[in-house]
Amino acid sequence: MYVFWGEDSLCFYNDAYRASIGNERHPSSLGCPAREVWAEIWDIIGPQIEQVTAGHGATWNENHLIPITRDGRHEDVYWTYSYSPIDAEGAVNDIGGVLVACTETTTQVLTERRLREANETLEKLVQDRTQALRLFGNIVQSDRAPILAYDHHLRVIGFNKAHDTAFQRVMGRHQRSGDLLPDFFPPDQAQTLRALMERALAGESFSVIEVFGDPDHEQPTWEITYSPLIDEEGTIFGAFHVARDVSERVRAQEALATTQEALRQSQKLEAIGQLTGGVAHDFNNLLTVIKSSTDLLKRPDLADTRRQRYVAAISDTVDRAAKLTGQLLAFARRQALKPEVFAACDSVRALSDMMGTLTGARIAIVTELPEQSCFVDADPSQFDTALVNMVVNARDAMSGEGRLTIRVGAVQRMPAAHQHAAVDGDFVAITVTDTDCGITAEHLEQIFEPFFTTKAVGQGTGLGLSQVFGFAKQSGGEITVDSKVGHGTTFTLYLPRVAAPASTMTDHEPPALVDGHGTCVLVVEDNAAVGTFAVQTLSDLGYVPVLAGNSEEALAELAKDADRFDVVFSDVMMPGMNGIELGQEIRRLYHDLPVLLASGYSHVLAQNGTFGFELLHKPYSVEQLSRLLRKVSTWQRRKRIIGQ
C-alpha cells in the first residue's frame, strides 16, 4: 500500500490504502492536512516526515499500533512505514513531497511476539528443569542412605556418594558406572542380589532385609527398598534401590528377644515357684487330715462310729487329693484323657440340676441349647469338670446373686487367643455368661494361671480355670474370656465338633468283684511298696496275684506259662520298657491276654492316648480296681467264646 503526501496534505493514495484503512480516511480526506487525517499517530509519523522534508533522507519506523475500523469492526493493527522524498513529477530526488509506503505487519508482529514469548517460556522451562534436576541431584547426593540405579543388564547407571562410601566400606573398592553389580559379591549373595534386582525390573516395588558384603571386610544387615525406573511413556528402563544399614537395629531386636526369653524363663520359674508352693500348701492340708485320722484310728478305745468317721475322712481327703492332682495335670495338659463322642447339649442338660444346687437359689440359671445335637470328641468327665469349674467361678464372682446363662452352639471358627492364630473349622462353643462386676484388664492375662485367685485365703485354690484351660488345649480346643468392668464376663469353651456316632450297643458295667474267684493276675509294678499292697489287696479279694518288678520279669513269667494268667495289671511309668510298650508286646505275643494299665501321670498317655488299653487312674479305690479287672477279663472271655 502506498500513500503520497504533499508538503502538508494528503494528495494521493492507492486502492490498497482504501481497503485497509477504512472509510474514515478515503477520498474525502484528500487535500486535508496530513496532521488532521492522522492526528492519532501524528506524534509518531510527523517527526519522520519532517526529517524527510528537511532533506535528511529516507527514514524507517517500524511496527506502529494504529486503531482502525474495518468491516464494521474496530481493530488494533500493526504497520511498518517507509518514508521517501519525491519531486512534483514523482521522482525521488528533490523535495516536493513525501512518499509513505505502509505494510500491515500485525501477523508478523504477533507471530514474533508469540515466538519471543515461547522462547522466553522455553528458556524458563529449561532453566526450571535444570534447577529441578540440580535440586533432585542435590537431594539424592545429600541423602545418607545409599542409592543406586541399574539397567536391564544389571549394570550400574548411577549412584550417590553414600552408596559409593558404603560400597567401599563393605567391598573394599569404589563403585563405577557400568559395573555389573552382582559380579562383585560372593556367589550366594550374588544369586540373591540378582533375583532381587530382576524383581524390580519386572515392575515390582518391595522391601527386603538381607546381609550383603565381602566376608573379608564387613557384612552388614541391609533393609533395601527396590523400585522400577519408568519413563514418561510408562516403559521400565531400569530400577533403583535405597539401602539402609539396620545392623544395629537387628542386634537390638535380637538382644530384646534374648531379654524377653530370659524374662519368660524367669516368669516360668516364678510360676513353678507359685505352683510348688500352692501344691505344697494344699497337700499339707490334706496330709494333715489323713495323718490325724490315722493317729486317732490307732487308739484302742475308739468307738466304732468315730472309727467310721475317721475312715470316711481319709477316703474323702484322698478323693480331694486326686482331684487336685487331676486339675494340675489338666492345666499342664498331661492328664491322660479318655475321649469319646458325646453330645455337649446332653451333658449340659444332665448337669443343670446339680448346677442349681452349686449356685444357690439367688442365681438364676438360663440354658440356651439348640435343637440339633452338638457332638464333640473329648473326655466327658473332664468336660463336666470344666463346666462345673466355670459355673463355680461365675457364682463366686457374682457373690451368690445374679443371672447365669449357658449357651451351646455350632460355630465355624475358633478365634485367636493366647498367642495362637484363629482356626477355621467345625467347633462347638459352650459359653458361660454371668452378671458380675467384670474382670480388670490387669487380671485378664492371669486368670488361667494355676493358683491365681482374687478370692480370700481359704476360699479357692485358683486351679478351676486352669483346669478348663488345660482341658481345652489338650482336647484341640480353646478357652476365651470377654469381660468389661461393670458389664459382666463371658467364658467360651471351644471344642472340635464331630459327626454323630453310629448307634452301638454298650456293655452293662459289671458289678464290683468282691471275690476274684481265683482269677490269676500278673501284677507288674516297679515300686515295691505299691506292688506289695496291690498283691495283698487282690489276695483279699479272692484273686491269685503274681508280682513282677518290671516288664522284663513280666515277660519272663509269661514265657513260662502264659495260659495260667487271666489278666495283666501293669503300671505305666517304669524304667526300661514302660507299661504301654509291655502291653503292646503282650498284644503281639499273646493277643488274647487282656491288659489293664494303671497310671498317676504319663506324658506318653497324655500325648498319644491309651493305645486301646483300659486305664485305671491313680489313686484308685479297691472297688474301681475290682470293677475294671472284671470288665477286661469278662470282655476277653467273651471274645474267646465268640471266636474272635
Side-chain angles (χ1 to χ4, degrees), residues 319 322-323 325-331 333-358 365 367 369-370 372-393 406-411 414 426-432 463-479 491-510 597 599 601-602 605-618 620-621 623-624 627-628 631-632 635:
D319 290 340
K323 181 180 179 181
T325 56
Q327 289 177 324
L328 286 171
L329 292 173
F331 168 75
R333 287 174 265 176
R334 294 295 183 266
Q335 178 76 303
L337 300 180
K338 291 183 178 180
E340 60 183 70
V341 177
F342 66 94
C345 298
D346 294 343
S347 293
V348 173
R349 290 190 187 94
L351 291 173
S352 295
D353 293 339
M354 186 265 287
M355 290 179 187
T357 303
L358 281 175
I365 298 180
T367 57
L369 307 177
Q372 72 275 20
S373 298
C374 295
F375 288 94
V376 297
D377 187 11
D379 188 320
S381 176
Q382 289 292 314
F383 175 83
D384 292 347
T385 301
L387 188 60
V388 168
N389 281 335
M390 288 192 291
V391 169
V392 171
N393 180 76
I406 304 174
R407 299 182 182 89
V408 178
V411 296
M414 186 169 67
D426 294 328
F427 295 91
V428 174
I430 302 95
T431 63
V432 177
L463 284 173
L465 292 179
S466 68
Q467 180 272 334
V468 182
F469 177 85
F471 166 68
K473 289 294 187 179
Q474 196 173 356
S475 301
E478 186 60 87
I479 176 72
F491 286 91
T492 303
L493 172 64
Y494 293 91
L495 294 174
R497 181 159 59 98
V498 297
S503 179
T504 58
M505 295 184 62
T506 58
D507 295 331
H508 293 288
E509 193 167 277
L597 299 178
S599 176
Y601 158 71
S602 169
L605 289 174
Q607 293 174 356
N608 303 306
T610 63
F611 294 90
F613 297 111
E614 196 70 37
L615 179 66
L616 180 63
H617 287 280
K618 293 180 180 180
Y620 52 81
S621 66
E623 181 181 356
Q624 290 172 324
R627 177 176 58 81
L628 284 179
K631 177 180 178 181
V632 296
W635 170 80

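Atoms considered below: every heavy atom in the structure, side chains included; atoms not considered: hydrogens, waters and symmetry mates.
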Between [atom1] of [X] and [atom2] of [Y], what distance do you get to the nearest 0.5 Å?
{"X": "Gln382", "Y": "Leu387", "atom1": "CD", "atom2": "CG", "value": "12.5 Å"}
{"X": "Leu628", "Y": "Leu597", "atom1": "CG", "atom2": "CG", "value": "11.0 Å"}
{"X": "Glu478", "Y": "Phe469", "atom1": "CD", "atom2": "CZ", "value": "6.5 Å"}
{"X": "Ile430", "Y": "Arg407", "atom1": "CD1", "atom2": "CZ", "value": "13.5 Å"}

Can you name the one residue among Val432, Thr431, Ile479 that meets side-chain contact (heavy atoms from CB on, under 4.5 Å) with Leu493?
-> Ile479

Taking side chain to side chain contact (heavy atoms under 4.5 Å, CB included) as the test, write out the residues that go with Val411, two or more places apart.
-> Phe427, Ala429, Tyr494

Nearest heavy atoms of [X] and [Y], plus distance in Å:
{"X": "Cys374", "Y": "Cys345", "answer": "N-SG, 4.2 Å"}
{"X": "Asp377", "Y": "Val341", "answer": "OD1-N, 3.9 Å"}
{"X": "Ala343", "Y": "Phe375", "answer": "N-CD2, 3.6 Å"}
{"X": "Ser475", "Y": "Pro496", "answer": "O-CD, 3.4 Å"}

So [Y] and [X], do their side chains get closer than 4.5 Å, heavy atoms only?
{"X": "Ile406", "Y": "Leu369", "answer": "no"}
{"X": "Asp384", "Y": "Ser347", "answer": "yes"}
{"X": "Val391", "Y": "Phe491", "answer": "no"}

With sequence neighbours left out, the residues meeting side chain to side chain donor-acceptor pair (under 3.5 Å) with Asp426 are Arg497

Quick one: salt bridge (charged side-chain N to carboxylate O under 4.0 Å, His left out) partners of Asp346, sequence neighbours excluded?
-> Arg349

By ring pair (Phe, Tyr, Trp, His ring centres under 6.0 Å) - contacts of Phe342 (at least two apart) | Phe383

